[in-house]
Amino acid sequence: MNNYDLNFKGKRKFASLTVISIFFIYFRLLPLQVETQPILYIFLCSITAYVCRNNLYKLTLDRFFCFLLILLLTLYLIPSIFLYGFESFIDYLKYIVCPVSYLLISKCLRFVNIRIFYLMSYVFSLYVMLFYFGGEGFKSVVGVFMERTSFGSKAAILSPEPSYYAFFAMLSLSFIDFLTNKSTNLRFVFISKVIIFSSCLLTGSALVYLVVFLYFLCHAFYLYKEHFLKSLFIASPFVILILFFLFRDENSRFSQVIQLVFLLFEGDVDLYNLAFKAETSGSSRVLLNYIAFATPFSLDFFGTGLGGFKYNWTVVANLLSIPIQDHEVLGGMGLFSAQTYLANLVADIGVFAFLLILLIFSNNRKVMSNDSVNLKSNLLFIKSSLIICFVFQCQITNPVPWVLLGLLKKYNYNVRFEGVK
């Protein structure tokens with residue numbers, strides 16, 4: 001075995017371990033009052049960067065913008081500490097965790113072994129079985145490793161809430177399609193996807209259902225363009241199965257959302273009552289993000305400082321004439337943060353948040369006419385998932401959207417590594 005083979009195996013091993021550690025970000029590794037703890041992920045990112053150091057020398061445009069973002073956040077730190085105290089330093093750490101990890105891992109994603117996602121799909125199925133049949137013993141064990149847990153009829157898989165499985169589904173489905181090639185065992189791919197989709201249906205979460213819908217929509221879009229009858233044949237049983245699960249319970253989250261949509265279109269409920277009375281949980285995320293995105297244009301063009309949004313969001317809401325006091329969730333006027341990294345960033349550093357926008361749109365892999373349907377569909381699904389993560393809901397220290405960003409960049413498509421079978 002030559003040095004190249006040993007080097008490749010090392011890159012594959014540590015890149016795979018780094019990505020698999022993402023599935024445990026909700027586990028409490030340190031006694032901290034935070035929802036996500038990507039501590040192991042950052043540690044493994046550092047090792048992977050060292051092993052893959054020859055691949056990191058060239059500073060591509062997206063990584064340059066990422067470096068500038070980290071530098072800018074560092075410059076914002078000192079004035080923010082004067083404004084809000086040491087808490088701003090905590091917010092600073094939250095802000096730089098994912099950009100730093102992006103610099104360390106983004107060029108190494110092509111080395112990840114697809115087998116880890118086969119393994120994780122079996123972990124998902126085992127977790128679901130223990131969730132439903134493990135009784136109080138399983139709940140007690142999970143309670144030790146998670147800050148909070150939601151135990152009920154809906155499966156919260158490796159996370160404190162059912163909806164958080166959406167991020168694991170995004171990551172798994174995107175990577176499986178990214179790594180699938182002509183030499184891949186399609187039987188394992190199929191089994192893994194079936195397990196992931198089945199787990200999605202058991203969460204009972206509207207956000208998770210949305211991810212499943214987007215996945216099939218993205219794949220149907222390109223299949224329809226090239227193979228209409230084939231796409232219709234493949235999609236039909238899955239659509240029937242999904243509809244059965246979604247509509248079997250009239251009190252399910254999905255049925256409630258559908259009923260609200262029909263009421264809205266029929267004119268039986270207006271936007272105010274929808275947001276402030278009927279759908280307070282989902283609307284609170286939308287409102288907070290809207291207020292955050294509006295902050296530079298309503299309060300301060302250069303933002304409120306690191307961590308400043310949670311102290312100033314009510315001021316911005318008043319400037320926008322939003323009757324927050326009428327909202328069931330937000331009416332308490334607590335210290336709420338926006339629901340995504342991008343929304344928080346826009347509120348806290350204002351116009352300079354355009355650096356993240358440049359990072360998102362630079363150096364992406366362009367779709368070619370001769371690309372496979374699977375590749376085209378996956379690129380579209382990744383972009384759709386990023387819209388959810390950066391615009392609607394995703395924890396600020398959640399590395400999933402940053403890894404998905406890395407999967408978009410063209411340097412991960414320059415060479416197709418077949419790897420070790």
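As the structure is a computational prediction, the values presented were derived from the model and not from experiment.
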- Item | Leu405 vs Phe390, side chain to side chain contact (heavy atoms under 4.5 Å, CB included): CA-CA, chis, key distance, verdict | CA-CA 11 Å; Leu405 264 183; Phe390 281 126; 4.2 Å; yes

- Check the pair Gln339 / Gln395 against side chain to side chain contact (heavy atoms under 4.5 Å, CB included), numbers first and verdict last. CA-CA 7 Å; Gln339 298 296 295; Gln395 297 90 356; over 6 Å; no

- Audit row: Lys410, Asn364, side chain to side chain donor-acceptor pair (under 3.5 Å) steps and yes/no: CA-CA 5 Å; Lys410 61 185 179 183; Asn364 288 341; over 6 Å; no

- Query: Run the side chain to side chain contact (heavy atoms under 4.5 Å, CB included) check on Val403 and Phe175 step by step: do they pass?
  - Reply: CA-CA 10 Å; Val403 172; Phe175 251 114; 3.5 Å; yes

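Put simply, the side chain of Ile357 reaches to within 4.5 Å of the side chain of Leu342, judged on heavy atoms. You'll find the side chain of Phe178 stays beyond 4.5 Å of the side chain of Val112, heavy atoms only. With contacts defined as side-chain heavy-atom distances shorter than 4.5 Å, the pair Leu375/Ser372 qualifies. Phe302 places none of its side-chain heavy atoms less than 4.5 Å from the side chain of Ile349. Between Leu93 and Phe89 the shortest side-chain heavy-atom distance falls below 4.5 Å. Using a 4.5 Å heavy-atom threshold, the side chains of Tyr341 and Leu356 count as touching. Side-chain contact between Asn344 and Ser337: present, with at least one pair of heavy atoms (C-beta onward) separated by less than 4.5 Å. A 4.5 Å side-chain heavy-atom check between Asn378 and Ser174 finds at least one atom pair inside the cut-off.
For Ser125, the side chain to side chain contact (heavy atoms under 4.5 Å, CB included) partners at least two apart in sequence or on another chain are Tyr122, Ile195. With sequence neighbours excluded, the residues satisfying side-chain hydrogen bond (donor to acceptor under 3.5 Å, both in side chains) with Ser121 are Ser192. In this structure, the side chain to side chain contact (heavy atoms under 4.5 Å, CB included) partners of Ile42, at least two apart in sequence or on a different chain, are Val97, Ser101. For Tyr215, the ring-ring contact (aromatic ring centres under 6.0 Å, His included) test picks out Phe197, His219, Phe381, with sequence neighbours left out. Every residue two or more places apart in sequence or in another chain was checked for a side-chain hydrogen bond (donor to acceptor under 3.5 Å, both in side chains) with Ser172, and none qualifies. Partners of Tyr92 under the side-chain hydrogen bond (donor to acceptor under 3.5 Å, both in side chains) rule, at least two apart in sequence or in another chain, are Thr74.
Between Cys218 and Ser377, the closest heavy-atom pair is O-OG, 3.6 Å. Scanning both residues, Leu288 and Phe309, for their nearest heavy atoms gives O-CZ, 3.6 Å. Between Cys52 and Cys108, the shortest heavy-atom contact is CB-SG, 3.2 Å. Contact record, Asn312 with Tyr84: ND2-OH, 3.4 Å, taken as the closest heavy-atom pair. Across Val19 and Leu109, no two heavy atoms sit closer than the pair CG2-CD2, 4.3 Å. The two residues Leu158 and Phe168 come nearest to each other via the heavy atoms O-CE1, 3.6 Å.
Rounding to the nearest 0.5 angstrom, the gap separating the OG1 atom in Thr340 from the CG atom in Asn289 is 4.5 Å. Atom CD1 of Ile39 is separated from atom OG of Ser21 by 11.0 Å, given to the nearest 0.5 angstrom. Expressed to the nearest 0.5 Å, how far CZ of Phe111 lies from CG of Leu179 amounts to 12.0 Å. Note that SG of Cys394 is 9.5 Å distant from CG of Leu207, once rounded to the nearest 0.5 Å. Between atom CG of residue Leu171 and atom CZ of residue Phe167 there is a gap of 11.5 Å, rounded to the nearest 0.5 Å. Between Met120 atom CE and Ile157 atom CD1 the span is 10.0 Å, to the nearest 0.5 Å.
Around atom CG of Leu59, more than 12 heavy atoms belonging to other residues, nucleotides or ligands sit under 6.0 Å away. The environment of OH in Tyr118 is crowded: more than 12 heavy-atom neighbours from other residues, nucleotides or ligands sit within 6.0 Å. Atom CZ of Phe354 sits in a crowded spot, with more than 12 heavy atoms from other residues, nucleotides or ligands closer than 6.0 Å. Residue Lys13 qualifies as open at atom NZ: its count of foreign heavy atoms under 6.0 Å is 12 or below.
In this structure, the side chain of Ser16 engages the main chain of Asn113 through a donor-acceptor pair within 3.5 Å. Proximity of a side-chain donor or acceptor of Tyr311 to a complementary backbone N or O of Leu335 within less than 3.5 Å is not detected. Not one N or O on the side chain of Arg285 forms a donor-acceptor pair closer than 3.5 Å with the backbone of Gln393. Under a 3.5 Å cut-off, the side chain of Tyr95 and the backbone N or O of Leu306 do not form any donor-acceptor pair. Formation of a donor-acceptor pair under 3.5 Å by the Asn398 side chain with backbone atoms of Thr36 is not found in this model. One N or O on the side chain of Lys409 and one on the backbone of Ser362 form a donor-acceptor pair closer than 3.5 Å.
Two rings, from Phe64 and Phe67, have their centers 6.0 Å or more apart. You'll find the ring centres of Phe293 and Tyr290 outside the 6.0 Å limit.
Cation-pi geometry between Arg53 and Tyr50 is met: the NZ or CZ atom falls under 6.0 Å from the ring centre, inside 45° of the normal.
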Using residues 314-322 as the side-chain source, report each donor-acceptor pair under 3.5 Å to any protein atom, sequence neighbours left out, with the distance given to one decimal.
residue: Asn318; atom: ND2; partner: Thr314; partner atom: O; Å: 3.2

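Residue pairs meeting the salt bridge (charged side-chain N to carboxylate O under 4.0 Å, His left out) criterion with at least one member in residues 348-365, sequence neighbours excluded, are Arg365-Asp371. Residue pairs satisfying the salt bridge (charged side-chain N to carboxylate O under 4.0 Å, His left out) criterion with at least one member in residues 287-302, sequence neighbours excluded, are absent. Within the structure, salt bridge (charged side-chain N to carboxylate O under 4.0 Å, His left out) contacts touching residues 388-403 (residues at least two apart or in different chains) do not occur. For residues 39-48, the side-chain hydrogen bond (donor to acceptor under 3.5 Å, both in side chains) pairs, not counting sequence neighbours, are Thr18-Thr48. A salt bridge (charged side-chain N to carboxylate O under 4.0 Å, His left out) check over residues 73-90, counting only residues at least two apart or in different chains, returns the pairs Glu87-Lys310.
Each of Asn363, Asp62, Thr60 was compared with Tyr411 under the side-chain hydrogen bond (donor to acceptor under 3.5 Å, both in side chains) criterion, and only Asp62 meets it.
Ring pair Tyr164/Tyr26 is parallel by interplanar angle, where below 30° counts as parallel and above 60° as perpendicular.
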